[in-house]
Amino acid sequence: MTGNDHAVAFAGVSKHFGAHQALEDVSFTLRPGRVTGLLGPNGAGKSTLLRILLGLARPDRGTVRVLGAAPGALPDAAHRIGVAMDAVGFAPRPTVRRHLEVAARALALPADRVDRALEQVGLAGRSARTRYKSCSTGMRQRLALATALLPDPELVILDEPLNGLDPEGIRWTRHLVEHLAAEGRTVLIASHLLAEVQQSVDDVVVLRRSVLFHGPLADLVRQGGGSLEAAYFQLIDTCATSVGSPWTEASRA
Ligand SMILES: Nc1ncnc2c1ncn2[C@@H]1O[C@H](COP(=O)(O)OP(=O)(O)OP(=O)(O)O)[C@@H](O)[C@H]1O
Ligand SMILES: [Mg+2]
């Protein structure tokens, strides 16, 4: 894969926007067959990090390797990396199936990939014939997932895939993600839902401009005396004064 066993490696990555330092000296690696949760408060730099990983933004400093190449230089990236970042890109009138057919054609994938992706996310049958504008939140999340899985990618990146899902949808997504990792894929999930993350991931990266923690979920939970939430707030509160957040600023005012 990469010459070592890492699917993704960030090394000393920094990024600023004007005077604002969004990422500072970020280093961590992702291993195949593991689900990693990317956690951090609003504005922590999670989406910026994902954009850098996808070659949509360039770091000021540091290096990134994705599946053995620099982001943007990976041959066949659209087939090897599956991304569900938000619902942008879905038109209201076409059906669920139509959206996937268009995406499959753009990637020159065989038509049976559409059926496979529909089955994988539980949208086969009547749901596939539903227009996007008539889809429930859960169906939209599943369509975004299906789009990510369409090319049968090695690396799956999901930004907030659990938002708006009911408990059954969350449990279902958890099983899907476990299954993807068991097949040897690398999965990265950015999320704010700590309780759900606790049940879904093997490893955790807690980001707030810099990496505050990277390691197995169990190690972080142990730091919090058995609670991911307690461990998370210990980390976040410790650096609140140095980085600042809208919430801590407000509570000081
Ligand atoms: N294109 C940009 N131009 C200027 N500032 C930006 C840009 N993109 C991000 N930022 C800033 O960088 C910081 C990190 O933003 P980012 O979107 O990466 O955070 P996030 O962790 O994804 O937050 P959220 O949980 O709210 O999605 C924020 O302060 C944001 O305002
Ligand atoms: Mg974000």
Side-chain angles (χ1 to χ4, degrees), residues 8-28 30 35-64 66 71-72 81-90 137 140-141 144-145 147-148 155-165 170 173 177 187-198 200-201 203-215 217 220 228-229 231-253:
V8 171
F10 286 91
V13 168
S14 297
K15 175 78 179 170
H16 75 281
F17 297 104
H20 180 71
Q21 191 76 35
L23 295 172
E24 191 173 329
D25 198 18
V26 169
S27 303
F28 66 88
L30 302 181
V35 182
T36 302
L38 178 58
L39 308 180
N42 294 133
K46 302 181 296 296
S47 294
T48 302
L49 197 71
L50 297 183
R51 289 175 57 77
I52 289 173
L53 177 57
L54 295 169
L56 300 173
R58 291 171 71 87
D60 304 325
R61 275 197 308 280
T63 57
V64 186
V66 185
I81 306 176
V83 187
M85 285 196 68
D86 46 37
V88 177
F90 296 111
T137 307
R140 290 177 185 196
Q141 288 282 30
L145 271 174
T147 310
L155 171 62
V156 180
I157 297 170
L158 309 174
D159 200 359
E160 299 289 346
L162 305 171
N163 277 2
L165 291 186
I170 288 174
T173 306
V177 161
V187 185
L188 180 61
I189 303 177
S191 179
H192 289 293
L193 303 175
L194 296 181
E196 283 73 23
V197 164
Q198 185 156 11
S200 309
V201 309
D203 300 320
V204 180
V205 174
V206 181
L207 182 75
R208 185 167 198 177
R209 192 165 72 191
S210 303
V211 173
L212 306 182
F213 176 89
H214 174 223
L217 171 74
L220 183 57
L228 173 61
E229 188 181 88
Y232 176 84
F233 282 117
Q234 275 169 21
L235 285 173
I236 296 298
D237 290 345
T238 303
C239 78
T241 45
S242 58
V243 178
S245 92
W247 315 116
T248 49
E249 300 294 332
S251 62
R252 262 188 236 122

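In each ligand, atom 1 is the first atom listed, and ligand 1 is the first ligand listed. We use all heavy atoms of the structure for the numbers below, so side chains are in, but hydrogens, waters and symmetry mates are not.
For the residues Ala22, Gly18, Ser47, Gly43, the heavy atom positioned nearest atom 17 (O) of ligand 1 is part of Ser47. Counting heavy atoms only, Asn42 comes closest to atom 26 (O) of ligand 1 of the residues Ile52, Asn42, Leu39.
Side-chain contact between Asp159 and Ser47: present, with at least one pair of heavy atoms (C-beta onward) separated by less than 4.5 Å. At a threshold of 4.5 Å between non-hydrogen side-chain atoms, the residues Asn163 and Leu193 count as touching. Contact of the Gln141 side chain with the Thr173 side chain is not registered, since no non-hydrogen atoms from C-beta on lie closer than 4.5 Å. The closest side-chain heavy-atom distance from Leu39 to Leu194 is below 4.5 Å. Using a 4.5 Å cut-off on side-chain heavy atoms (C-beta onward), Ile52 and Leu23 make contact.
The two residues Leu220 and Val206 come nearest to each other via the heavy atoms CD2-CG2, 3.9 Å. Pairing each heavy atom of Val8 with each of Val66, the nearest pair is CG2-CG1, 4.5 Å. The heavy-atom pair separating Glu196 from Ile170 by the smallest distance is CG-CG2, 3.3 Å.
With Val205 as the fixed residue, the side-chain contact (heavy atoms from CB on, under 4.5 Å) test singles out one of Phe28, Phe10, Phe213: Phe28. A side-chain contact (heavy atoms from CB on, under 4.5 Å) with Leu38 is found for exactly one of Ile189, Val204, Leu50, namely Leu50.
Contacts with ligand 1 closer than 4.0 Å are made by no heavy atom of Ala190, backbone or side chain.
Looking at residues two or more places apart in sequence or on another chain, you find no salt bridge (Lys or Arg N to Asp or Glu O under 4.0 Å) involving Glu160.
Geometrically, ligand 1 and Ala44 share a nitrogen or oxygen pair separated by less than 3.5 Å. Between Gly40 and ligand 1, a contact under 3.5 Å exists for no N or O pair.
Applying the 4.0 Å criterion to heavy atoms of His192 picks out, from ligand 1, the atoms 25 (O).
Nearest protein heavy-atom neighbour of atom 1 (N) of ligand 1: Phe17 CE2, 3.7 Å. Atom 29 (O) of ligand 1 has as its closest protein heavy atom His20 NE2, 3.1 Å. Regarding atom 25 (O) of ligand 1, its nearest protein heavy-atom neighbour is Lys46 NZ, 2.7 Å. Distance from atom 15 (O) of ligand 1 to its nearest protein heavy atom, with residue and atom name: Thr48 OG1, 3.8 Å.
Protein heavy atoms all stay at least 4.0 Å away from atom 31 (O) of ligand 1.
With hydrogens and angles disregarded, a donor-acceptor distance shorter than 3.5 Å links the side chain of Ser14 to the backbone of Asp25.
Put simply, no part of Glu160 is less than 4.0 Å from ligand 1, judged by heavy atoms.
Only protein atoms were considered; those of element N, O or S under 2.8 Å from the Mg ion (ligand 2) number 1.
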